[in-house]
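Please read these numbers as outputs of a predicted model, since none were measured by experiment. Labels below follow one simple rule: chain letters A, B, ... track the order of the sequence lines, proteins then strands, and each chain is numbered from 1. Just the heavy atoms: all of them, side chains too, but no hydrogens, waters or symmetry mates, feed the values below.
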Protein chains: 2
Amino acid sequence: MSGAGRPKNYDKDKVLYAATNLFWEKGYESTSLEDLMRVMDLGKGSFYNSFGSKRDLFIECVRYYDSKAIDHIADLLANSERPIEEIKNIFRRCAESNKTAHFLGCFAGNIITELATIDPELTNLAKAHLKKLEALFLYHIKNAQRTGDIQISENPVFLARFLLNLWNGINITRRIYPNKKELINMIELHLTILK
Amino acid sequence: MSGAGRPKNYDKDKVLYAATNLFWEKGYESTSLEDLMRVMDLGKGSFYNSFGSKRDLFIECVRYYDSKAIDHIADLLANSERPIEEIKNIFRRCAESNKTAHFLGCFAGNIITELATIDPELTNLAKAHLKKLEALFLYHIKNAQRTGDIQISENPVFLARFLLNLWNGINITRRIYPNKKELINMIELHLTILK
DNA sequence: TTAATTATGTACCATTTGGTATATATTTTA
DNA sequence: TAAAATATATACCAAATGGTACATAATTAA
């Protein structure tokens with residue numbers, strides 16, 4: 001099935017997941033190869049044979065995260081009877097995160113902030129992710145305006161970007177105020193626009 | 001005037017300014033001592049004699065930036081006849097930044113994002129800065145509600161945090177859409193709340 | 001059963017990192 | 001003018017960095 005040669009001794013999905021979580025926690029530069037090899041449980045030989053370089057692995061991790069996260073949210077919204085309410089609940093659940101999740105923030109937002117002036121290619125991967133998120137918002141806002149689920153007649157492009165900015169803002173604000181009490185009212189105030 | 005000993009050969013304000021700009025551009029970890037010594041035009045001897053360590057210098061830079069930036073905005077608002085309009089204009093001017101400013105973003109937001117899970121002490125300096133910014137918003141929102149300059153009766157604490165989140169969101173959104181056209185409508189949509 | 005193929009473990013490496021030690025230079029104070 | 005005090009320049013350093021070379025192990029195809 002998988003051709004000749006010694007078989008891989010690890011589960012690709014598992015090591016990618018582990019690496020992604022580490023990059024998420026520490027950022028790109030502050031994650032060392034030693035760290036990566038430890039959490040992936042891989043030796044140097046396997047690491048470089050399989051992933052080429054730290055940078056290549058990072059790219060794979062971002063793509064891995066991108067597809068998983070976007071698929072998840074797309075499914076959530078596609079299977080909801082009131083997608084706008086589901087979008088609102090996604091933001092509300094942000095406020096209810098535990099401390100760890102608050103301090104981790106959004107993987108894509110973190111990458112953009114760390115690498116904006118340092119590595120445009122890596123930054124673009126993260127930008128593309130957030131643009132997909134915005135596109136999901138836009139799609140469901142347009143639908144809701146058409147079906148009458150929301151009454152606001154504002155340009156849906158602006159509304160989607162408004163939500164993207166709420167998302168991005170929370171990524172920083174949640175580190176300053178890592179608890180529901182301090183976040184939820186600010187978030188609800190944003191959501192009053194979507195009606 | 002300044003006691004015995006060989007006098008310093010550099011302007012403290014200038015080297016601090018140069019170091020701050022470099023940290024702003026590259027972040028904490030990605031800024032090397034070599035980089036710092038170059039932009040500060042200092043040798044190793046002077047560097048360590050005067051600033052102790054890279055980390056100590058960073059702390060000085062954040063404090064330096066914090067006081068300058070907060071003083072500037074506080075003055076702007078204190079000297080305005082309609083502080084709420086001035087706040088709105090601050091956000092509008094964000095949208096009008098040049099590409100460089102868009103990619104640099106907010107120094108404090110960048111620090112929080114890079115160091116949230118890595119260095120709580122450094123992160124706290126940046127958090128304190130953004131809390132001061134929020135406090136300025138709050139002060140002038142309360143005033144405007146009292147004088148009738150704005151009519152909205154929403155809890156001013158929530159309104160101030162709403163603006164803080166707009167600020168934080170722009171820090172990331174501006175990297176994705178680094179131009180006025182793509183930012184201004186989203187920003188204006190936020191500002192419609194403040195009336 | 002042997003050759004081809006792929007994975008793994010290990011020893012090694014050049015570069016860069018933040019930092020120290022120390023000799024020397026320049027100033028003020030006594 | 002000598003001593004004390006501070007600044008600067010330079011040589012040096014240990015540790016960590018990402019990465020390579022290569023021998024060996026494990027599998028399949030011929």
Which of the following nucleotides, C:dG19, C:dT8, D:dG18, is nearest to the side chain of B:K54? C:dG19
Among D:dT8, C:dT20, C:dT17, the nucleotide that comes nearest once only the side chain of B:S46 is considered: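 Among the listed nucleotides, the one closest to the side chain of B:S46 is D:dT8.
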Can you tell me how the ring of B:F162 sits relative to the ring of A:H190, calling it parallel under 30°, perpendicular over 60° and tilted otherwise? tilted
Between [N] atom [atom2] and [X] atom [atom1], what is the distance in whole Å?
X     : N      : atom1 : atom2 : value
A:F51 : C:dA7  : CZ    : P     : 11 Å
B:F58 : C:dT17 : CZ    : P     : 17 Å
B:D11 : D:dA7  : CG    : C1'   : 16 Å
A:Y48 : C:dA11 : OH    : P     : 18 Å
A:M37 : D:dT17 : CE    : C1'   : 12 Å
B:L42 : D:dA9  : CG    : P     : 8 Å
A:L36 : D:dG18 : CG    : P     : 8 Å
B:D56 : C:dT20 : CG    : P     : 11 Å

Checking B:Y177 against A:E134 for the side-chain hydrogen bond (donor to acceptor under 3.5 Å, both in side chains) test, could you report, in this order, the C-alpha distance in whole Å, the side-chain angles of both residues, the deciding distance, and whether it holds? CA-CA 12 Å; B:Y177 297 110; A:E134 185 187 19; 2.4 Å; yes
Can the ring centres of B:Y65 and B:H129 be said to be less than 6.0 Å apart? yes
Under 4.0 Å between any heavy atoms, over every strand shown, what does [X] touch: base, sugar-phosphate, or nothing? Just pick one.
X     : answer
B:Y10 : sugar-phosphate
A:S30 : nothing
B:F47 : nothing

Give each protein N/O atom lying under 3.5 Å from an N/O atom of nucleotides 25-28 of chain D, with the pair distance.
residue: D:dA25; atom: N3; partner: A:R6; partner atom: NH1; Å: 3.3
residue: D:dT27; atom: O2; partner: A:G5; partner atom: N; Å: 3.3

According to a strict under-4.0 Å criterion, is [X] in side-chain N/O contact with OP1 or OP2 of [N]?
X     : N      : value
A:N49 : C:dT8  : no
A:K44 : C:dG9  : no
A:S32 : D:dT17 : yes

Does any donor atom in the side chain of [X] or [Y] lie under 3.5 Å from an acceptor atom in the other side chain?
X      : Y      : result
B:N185 : A:N155 : no
A:D35  : A:S32  : yes
A:T123 : B:R175 : no
B:N165 : A:T173 : yes

